[in-house]
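Numbering starts at 1 and runs along the sequence shown. Every number for a ligand or one of its atoms is a count from 1 in the order of the listing. This is a predicted model, so every value here is computed, not measured.
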Amino acid sequence: MSDLESLRGRVAIVTGAGQGTGGVGRAIALLLAARGAHVLVTDIASSVEQTATEIVAATSAQVLHVVSDLSHEAGANEVIDRAVERWGRLDILVNNAGGGIIRPFLEHTPQTLRETVDRNLWTAIWCSYFALPHMRKQSFGRIVNIGADSVRNGLWDHAGYNAAKGGVHGMTTGLAREFAAQDITVNTVAPCVVDSERLRTRMQEQPELTGKVLGIVPKGRAVKASEIASLVAYLASEDAAFITGQVVSINGGSTML
Ligand SMILES: NC(=O)c1ccc[n+]([C@@H]2O[C@H](COP(=O)([O-])OP(=O)(O)OC[C@H]3O[C@@H](n4cnc5c(N)ncnc54)[C@H](O)[C@@H]3O)[C@@H](O)[C@H]2O)c1
């Protein structure tokens, strides 16, 4: 690891860092902490406390955890304030909170559609909105969103989810341009299907699902949370200063270019 890749002394927030389906937020928070960042982990689920305990056990990072609904303005504002109160700055925001309600479009209810947009898009909008003034003031910032490769490959049953994640991809380019002069980069990491206990159980129960899910991935497997974390940590580092406004797929070749 180069000195530039080190996150020593940086202050990071990772959203959706409870013990979620694929454990992506948890893996990201653990890696940022291992590289030297102080980390605030937050989630609507109280299991985020467990993530904080794991980080304390595994690293020497300072850690805070906050249970909050980030789809609401007040919840997001509180989380950003807590980090700045504690450490006096905010360098890295990872907008990982989300989660799909995956079904054919017409099988959604108005409530599931709203929930999909709340979880995936409003959380990212509000956290970015309250984080950016601090990043601008200190002339440094790294925002990394977790999007979805399904926006690019038009995956089955993903229209509602893609509407939300597509908004995240779109916000990436706009913010990147607006804040480039202040050394603030904004990028999105777009996974294809993430390896998880739930996915493996579902594929065992419904073998036909394996072909449907993995058939579109030339590498023939799901992405590991640790692989996503590694890319996020790179984009959050000083080494990645010239990468901004990008949606970087981590997808085993599911879409190319
Ligand atoms: N699992 C996959 O196959 C897959 C594929 C592509 C993209 N993604 C995205 O990757 C990210 C991580 O996915 P995952 O599978 O690890 O976990 P996940 O889908 O279970 O969700 C991540 C976390 O976000 C939290 N969250 C949801 N709404 C929230 C809110 N309003 N406020 C605060 N926290 C909230 C959840 O409690 C959960 O812990 C998500 O953004 C997800 O949409 C996942």
- prompt: Does any donor atom in the side chain of D239 or S237 lie under 3.5 Å from an acceptor atom in the other side chain?
  reply: no
task: Answer with yes or no whether the side chains of Q62 and R86 bring together a donor and an acceptor at under 3.5 Å.
output: yes
- prompt: What atoms in ligand 1 come closer than 4.0 Å to a heavy atom of G22?
  reply: 14 (P), 15 (O), 16 (O), 17 (O)
query: Strictly under 4.0 Å, does any heavy atom of K165 approach an atom of ligand 1?
result: yes
- line: Counting heavy atoms under 4.0 Å, the part of D149 that contacts ligand 1 is neither
task: Identify, for atom 18 (P) of ligand 1, the protein heavy atom at the shortest distance, and state residue, atom and that distance.
output: T21 OG1, 3.7 Å
query: Of all the non-hydrogen atoms in the protein, which one sits nearest to atom 28 (N) of ligand 1, and at what distance?
result: R119 CG, 3.5 Å
- request: Compute whether any side-chain donor of one residue and acceptor of the other, for T42 and S68, lie under 3.5 angstrom apart.
  value: no
- prompt: Using a heavy-atom cut-off of under 4.0 Å, does the side chain or the backbone of C192 touch ligand 1, or both, or neither?
  reply: backbone
- prompt: Under 3.5 Å, N or O to N or O, is D43 touching ligand 1 that way?
  reply: yes
task: Could you check whether the rings of Y161 and H158 sit parallel, tilted or perpendicular, using 30° and 60° as the cut-offs?
output: perpendicular
message: Please check whether A148 reaches ligand 1 - meaning an N/O of the residue sits under 3.5 Å from an N/O of the ligand, judged on distance alone.
response: no
message: Less than 4.0 angstrom from a charged side-chain N to a carboxylate O is my criterion; do R119 and E115 meet it?
response: yes
- prompt: Does ligand 1 have an atom that lies less than 4.0 angstrom from a heavy atom of D69?
  reply: yes
- prompt: Just checking, is any N or O donor in the side chain of T123 or N95 under 3.5 Å from an acceptor N or O on the other one?
  reply: no
- prompt: Below 4.0 Å from any atom of ligand 1, is there a heavy atom belonging to W122?
  reply: no
task: Is it possible for you to say whether V63 and W87 belong to one hydrophobic cluster, with membership spreading through side-chain heavy-atom contacts below 4.5 Å?
output: no
message: If we set the cut-off at 4.0 Å for heavy atoms, which region of T123 has an atom near ligand 1: side chain, backbone, both, or neither?
response: side chain
message: Donor-acceptor pair, distance only, cut-off 3.5 Å: does the side chain of N153 make one with the backbone of T255?
response: no
- request: Search all heavy atoms of V217 against all heavy atoms of C192 and return the closest pair with its distance.
  value: CG2-SG, 3.9 Å
field: Numbering as shown, the atoms of ligand 1 that approach Y161 to under 4.0 Å (heavy-atom distance)
entry: 6 (C), 7 (C), 8 (N), 9 (C), 42 (C), 43 (O), 44 (C)
- prompt: Quick one: which ligand 1 atoms are inside 4.0 Å of a heavy atom on S71?
  reply: 31 (N)
statement: Note: heavy atom closest to atom 32 (N) of ligand 1, options V48, T15, L70, belongs to L70
For atom 11 (C) of ligand 1, the protein heavy atom that lies nearest, with its residue and separation: N96 OD1, 3.2 Å
query: Do N96 and T15 have a side chain donor and acceptor closer than 3.5 Å?
result: no
- prompt: Does ligand 1 have a heavy atom under 4.0 Å from the side chain of Q19, from its backbone, from both, or from neither?
  reply: neither
Heavy-atom donor-acceptor pair, S249 side chain to N251 backbone, under 3.5 Å: no
- prompt: Closer than 4.0 angstrom: is that true for some heavy atom of S68 and an atom of ligand 1?
  reply: yes
task: Might you confirm whether atom CZ of R202 has over 12 heavy atoms from other residues, nucleotides or ligands at distances under 6.0 Å?
output: no
query: Between T109 and Q111, is there a donor-acceptor pair closer than 3.5 Å when you use the side chain of the first and the backbone of the second?
result: yes
field: Any A225 heavy atom less than 4.0 Å to ligand 1
entry: no
message: Geometry only, no angles: is G23 polar-contacting ligand 1 at N/O separations under 3.5 Å?
response: yes
message: For the CD atom on E49, are there more than 12 heavy atoms of other groups (residues, nucleotides or ligands in this structure) within a distance under 6.0 Å?
response: no
message: Side chains of D118 and S71 only: does a donor on one sit below 3.5 Å from an acceptor on the other?
response: no
- request: Taking only heavy atoms of V194 into account, list the atoms of ligand 1 that are under 4.0 Å away from them.
  value: 1 (N), 2 (C), 3 (O), 4 (C), 5 (C), 44 (C)
message: Could you check whether Q19 and T51, counting side-chain N and O atoms only, form a donor-acceptor pair closer than 3.5 Å?
response: yes
message: I'd like to check which ligand 1 atoms, numbered from 1 as shown, lie under 4.0 Å from a non-hydrogen atom of G20.
response: 20 (O), 39 (O)
- prompt: What do you reckon, does P191 have a nitrogen or oxygen under 3.5 Å from a nitrogen or oxygen of ligand 1?
  reply: no
query: So between G16, G99, G98, whose heavy atom ends up nearest atom 27 (C) of ligand 1?
result: G98
query: Quick one: nearest non-hydrogen protein atom to atom 33 (C) of ligand 1, plus distance?
result: I44 N, 3.2 Å
query: Which atoms of ligand 1 have any heavy atom of A97 under 4.0 Å away?
result: 24 (O), 34 (N), 35 (C), 41 (O)
field: Contact atoms of ligand 1, heavy-atom distance to I146 under 4.0 Å
entry: 9 (C), 10 (O), 11 (C)
field: Contact (N/O only, under 3.5 Å) between V24 and ligand 1
entry: yes
query: Considering only heavy atoms of G147, which atoms of ligand 1 have at least one such atom less than 4.0 Å away?
result: 7 (C)
